[in-house]
Structure formats: structure tokens, C-alpha cells
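Before any comments, here is the structure.
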Amino acid sequence: MDVIHIGHVQGSSPQVRWLCSPPKPDITVLAVYEDIIKETLESLSEHVEYLLESQSQIEEWDVTLSDGVLTVKLNEEHGTYVINKQTPNRQIWLSSPISGPKRFDFTEQQAWVYHHTGENLHTLLSQEFSSTLQKDVDFHGCSFSGTHS
């Protein structure tokens with residue numbers, strides 16, 4: 001349960017200060033979901049582009065973010081990732097050339113988690129891209145990874 005302190009200075013409106021943590025975003029509200037999914041996908045897109053530009057092993061690649069769909073085309077050997085919003089379910093869907101399809105829900109920890117296994121989207125991407133690029137890769141600095149929001 002969150003605890004709030006409301007301070008009031010005479011002649012002004014009350015000021016709210018959270019003593020614990022602020023309330024978690026209500027993902028069932030479409031506008032909230034759209035903001036979270038947009039920030040998540042943009043952050044992932046920027047991180048993947050940086051990773052692929054800064055390494056030389058994979059020469060043929062393309063990263064595209066359009067209409068809530070992030071497509072990461074690696075070379076023929078490594079395949080294509082598709083990460084897309086799924087508005088009716090308020091989820092992110094991942095199609096991975098390594099682990100296959102997964103549907104991630106937004107949790108109270110402000111992370112995207114695969115309900116069936118408890119896998120975190122950012123942890124899974126870190127593991128798979130580390131294996132593919134043969135170097136340590138960490139997606140936890142991206143938005144809504146559960147460790148940073």
C-alpha cells in the first residue's frame with residue numbers, strides 16, 4: 001500500500017508527496033498503455049540500433065519501428081525479431097528466431113513478463129543478443145525493464 005503525505009500551505013492548493021512509491025500506471029487505460037508501449041519500443045529500437053552499429057560481426061541488418069511494430073532483421077544466419085504492441089490484450093508480443101513466440105504482460109514491477117515462465121522481456125533479449133553478437137549485451141537500461149522506468 002502506498003502512503004501519501006498531503007501538505008497544505010494556507011491560501012494554496014494541497015501538494016501531494018509520495019513517501020513510498022507513486023501509484024503504478026494503470027495499463028488497462030488505453031492512453032497509459034499507448035504511452036508505455038511507445039516508450040518501451042522506442043527504447044528497445046534505439047538500443048538495438050546502437051548495438052548493431054557498434055559491432056562488426058553482423059554486416060547486413062535493419063531496424064525498423066513503425067506503427068507499434070519493431071522489426072530487427074539480422075542476416076540470414078541469425079533471422080528476424082519482431083516485437084509488437086498488442087493493444088486489445090495490453091501486451092507486447094515477441095517473435096524470436098531463437099526462442100519463438102511469446103506474449104508479455106506489464107507487471108507491477110513495471111516490467112514486461114511472459115506469464116507462463118516468468119521471463120522478463122529485457123532479460124530474454126539480453127541473453128539472446130549476447131549469444132548472437134558473442135559479447136555481453138544488457139537491455140536492462142531500456143525503459144520498463146523492471147529495473148529502470
Do any N or O atoms from the side chain of Ser45 and from the backbone of Leu41 form a donor-acceptor pair under 3.5 angstrom?
no
Under 4.5 Å between any side-chain heavy atoms of Phe139 and Val48, yes or no?
yes
Evaluate side-chain contact (heavy atoms from CB on, under 4.5 Å) for Asn75 paired with Glu59, printing each intermediate quantity in order.
CA-CA 8 Å; Asn75 56 24; Glu59 294 178 14; over 6 Å; no
To the nearest 0.5 Å, atom NE2 of His78 lies from atom CD of Glu128 at 11.5 Å
Could you give the distance from CG (Leu74) to CD1 (Ile58), rounded to the nearest 0.5 Å?
4.5 Å
Measure the CG-CG distance between Leu125 and Leu94 for me, rounded to the nearest 0.5 Å.
6.0 Å
Answer yes if the side chains of Asp105 and Gln91 hold a donor-acceptor pair under 3.5 Å, and no otherwise.
yes
Gln110 versus Phe106, closest heavy-atom pair with distance:
CA-CZ, 3.5 Å
Hey, are the side chains of Trp93 and Phe104 touching, using non-hydrogen atoms and a 4.5 Å cut-off?
no
Residues, nucleotides or ligands: over 12 heavy atoms within 6.0 Å of Lys38 NZ
no
Short side-chain to backbone donor-acceptor contact, His47 and Asp138, under 3.5 Å:
yes
Are Glu42 and Leu65 side-chain neighbours, meaning at least one heavy-atom pair lies under 4.5 Å?
yes
Exactly one candidate in Leu44, Thr71, Val72 meets side-chain contact (heavy atoms from CB on, under 4.5 Å) with Val63; the answer is Val72
For the side chain of Ser130 and the backbone of Ser126, is there at least one donor-acceptor N/O pair under 3.5 Å apart?
yes
What's the separation between atom CG in Leu30 and atom CD1 in Ile37, rounded to the nearest 0.5 Å?
11.5 Å
Side chain to side chain donor-acceptor pair (under 3.5 Å) assessment of Asp62 paired with Thr64:
CA-CA 7 Å; Asp62 184 51; Thr64 306; 3.0 Å; yes
Under a 4.5 Å side-chain heavy-atom rule over Ile, Leu, Val, Met, Phe, Trp and Tyr, are Ile98 and Val137 clustered together?
yes
List the atom of Lys102, the atom of Glu119, and the distance in Å for their closest heavy-atom pair.
CE-OE1, 2.9 Å
Ser43 side chain vs Ser143 backbone, donor-acceptor pair below 3.5 Å:
yes
Heavy-atom pair with the smallest gap, counting every atom of Ser96 and Tyr81
OG-CE2, 3.4 Å
Kindly indicate whether the side chain of Ile92, heavy atoms from C-beta on, has any atom under 4.5 Å from the side chain of Leu121.
yes
Do you know the tightest heavy-atom contact between Phe144 and His122?
O-CE1, 3.1 Å
Any chance you could lay out the side-chain contact (heavy atoms from CB on, under 4.5 Å) test for Thr40 and Cys142, step after step, and finish with the verdict?
CA-CA 7 Å; Thr40 300; Cys142 295; over 6 Å; no
At what distance, to the nearest 0.5 angstrom, does CD1 of Ile36 lie from CH2 of Trp112?
6.5 Å
Between atom OH of Tyr33 and atom CZ of Arg90, what is the distance when rounded to the nearest 0.5 Å?
7.5 Å
Assess the residue pair Glu34 and Lys85 against the criterion (salt bridge (Lys or Arg N to Asp or Glu O under 4.0 Å)); give the C-alpha distance rounded to whole Å, side-chain angles, the decisive distance to 0.1 Å, and a yes or no.
CA-CA 9 Å; Glu34 290 291 341; Lys85 69 180 186 175; 3.1 Å; yes
